[in-house]
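Shown next, in structure tokens, is the structure this report addresses.
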Amino acid sequence: MDVAFTKLPRGQRTHSVVRRADGVRWSVDGGVAGPGLPHDLVHLVVERAVGEQRGFWGSVAAGAVFRSMTHLDGRRPPHGGEKSTVLLRERHGGLQAAELLADLVEHVARRQLTSTEQVRAAARTHLRPEQRAEVDPARVLEAAEALRDMQSRWAQLAEGEELTVTWPDPVRRRRGRRRQI
């Protein structure tokens with residue numbers, strides 16, 4: 001899945017354009033442009049870096065459609081609405097956890113934290129207790145580095161220029177007959 005973000009002047013309404021693996025294109029409302037990275041781009045970088053498939057972008061890639069999304073073109077898959085409803089219900093907790101994780105990684109990147117002890121301390125104030133045990137500080141530090149790299153790339157864009165980021169396609173299990181012995 002490819003997601004294109006256009007750098008717009010501060011204060012303008014932003015959006016990203018998603019081209020999913022199934023060929024359907026969506027516009028995602030991104031809120032109002034500010035001085036830094038668009039919030040949805042932060043999520044894409046963080047979720048991709050830590051391998052979070054149950055957050056916003058993993059859910060979009062799997063077929064979820066959020067209220068902030070508008071269909072642009074491409075044939076929607078049969079029963080896509082029902083699939084989306086199920087995905088959103090199943091991933092509700094993962095979506096909330098991804099929001100907190102993105103906040104943690106932004107904090108680590110902004111403060112330029114470098115040690116696992118610093119990340120653990122920051123996690124105590126940014127994550128829910130049940131989430132803290134699951135967080136790998138080394139992956140958070142890698143995600144913070146990826147976020148700083150993306151911030152540099154974004155800063156080099158002129159207004160009106162576009163940056164396209166690829167989200168890895170979900171791993172699909174093969175369906176078929178089992179061989180019987």
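From a predicted model like this one, the values you see are computed outputs, not experimental measurements. Numbers for residues simply follow the sequence, beginning at 1.
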side-chain hydrogen bond (donor to acceptor under 3.5 Å, both in side chains) between His43 and Glu52, worked out: CA-CA 10 Å; His43 269 273; Glu52 177 57 66; over 6 Å; no
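- One hydrophobic cluster, built from ILVMFWY side chains closer than 4.5 Å, holds both Leu100 and Val140.
- Applying the ring pair (Phe, Tyr, Trp, His ring centres under 6.0 Å) rule to Phe56 yields the partners Phe66; only residues at least two apart in sequence or on another chain are considered.
- When all heavy atoms are compared, the tightest approach of Trp167 to Leu44 is CZ3-O, 3.9 Å.
- Atom CZ of residue Arg111 and atom CD of residue Glu106 lie 12.5 Å apart, to the nearest 0.5 angstrom.
- Taking a 6.0 Å sphere around CZ of Arg128, one finds it holds more than 12 heavy atoms contributed by other residues, nucleotides or ligands.
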Val165/Met150 under side chain to side chain contact (heavy atoms under 4.5 Å, CB included): CA gap, chis, key distance, verdict: CA-CA 10 Å; Val165 183; Met150 186 60 72; 3.9 Å; yes
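- Checked against a 6.0 Å centroid threshold, the rings of Trp26 and His71 count as neighbours.
- Residues meeting the side chain to side chain contact (heavy atoms under 4.5 Å, CB included) test with His126, sequence neighbours left out: Asp103, Leu104, His107, Ala122.
- The number of heavy-atom neighbours closer than 6.0 Å to CZ of Arg13, taken from other residues, nucleotides and ligands shown, is above 12.
- Under the 3.5 Å distance criterion, the side-chain polar atoms of Arg75 are left unmatched by any main-chain donor or acceptor of Gly23.
- Proximity of a side-chain donor or acceptor of Gln118 to a complementary backbone N or O of Ser115 within less than 3.5 Å is detected.
- Cluster annotation: Leu88 and Val65 are assigned to the same hydrophobic cluster (Ile/Leu/Val/Met/Phe/Trp/Tyr, side-chain heavy-atom contacts under 4.5 Å, transitive).
- Linking ILVMFWY side-chain heavy atoms closer than 4.5 Å, directly or via other members, places Met69 and Leu87 in two distinct hydrophobic clusters.
- No donor-acceptor contact under 3.5 angstrom links the side chains of Thr164 and Asp2, judged on distance only.
- Lys7 places a side-chain N or O within 3.5 Å of a backbone atom of Leu157 that can act as its donor or acceptor partner.
- No donor-acceptor pair under 3.5 Å is formed between the side chain of Ser84 and the backbone N or O of Gly80.
- Proximity of a side-chain donor or acceptor of Arg10 to a complementary backbone N or O of Gly34 within less than 3.5 Å is not detected.
- Distance check: Glu159 CD to Gln12 CD gives 7.5 Å after rounding to the nearest 0.5 Å.
- Going from atom CG of Asp22 over to atom CE of Met1 covers 10.5 Å, rounded to the nearest 0.5 Å.
- Annotation for Val32: hydrophobic cluster partners, listed by chain and number, are none (ILVMFWY side-chain heavy atoms under 4.5 Å, direct or chained).
- Distance CG/Leu41 to CH2/Trp57: 8.5 Å, rounded to 0.5 Å.
- Using a 4.0 Å cut-off between a side-chain N of Lys or Arg and a carboxylate O of Asp or Glu, Arg25 and Asp73 qualify as a salt bridge.
- A donor-acceptor contact shorter than 3.5 Å links the side chain of Thr14 to the backbone of Gly30.
- Rounding to the nearest 0.5 Å gives a distance of 9.5 Å between OG1 of Thr6 and CG of Leu163.
- With Arg153 contributing its side chain and Arg148 its backbone, the two residues share no donor-acceptor pair below 3.5 Å.
- Atoms CG and CD, from Leu8 and Glu161 in turn, are 12.0 Å apart once rounded to the nearest 0.5 Å.
- The neighbour count for Arg132 CZ, taken as heavy atoms of other residues, nucleotides or ligands under 6.0 Å away, is above 12.
- Contact annotation: the side chain of Glu90 never approaches that of Ser59 to less than 4.5 Å [non-hydrogen atoms, C-beta and beyond].
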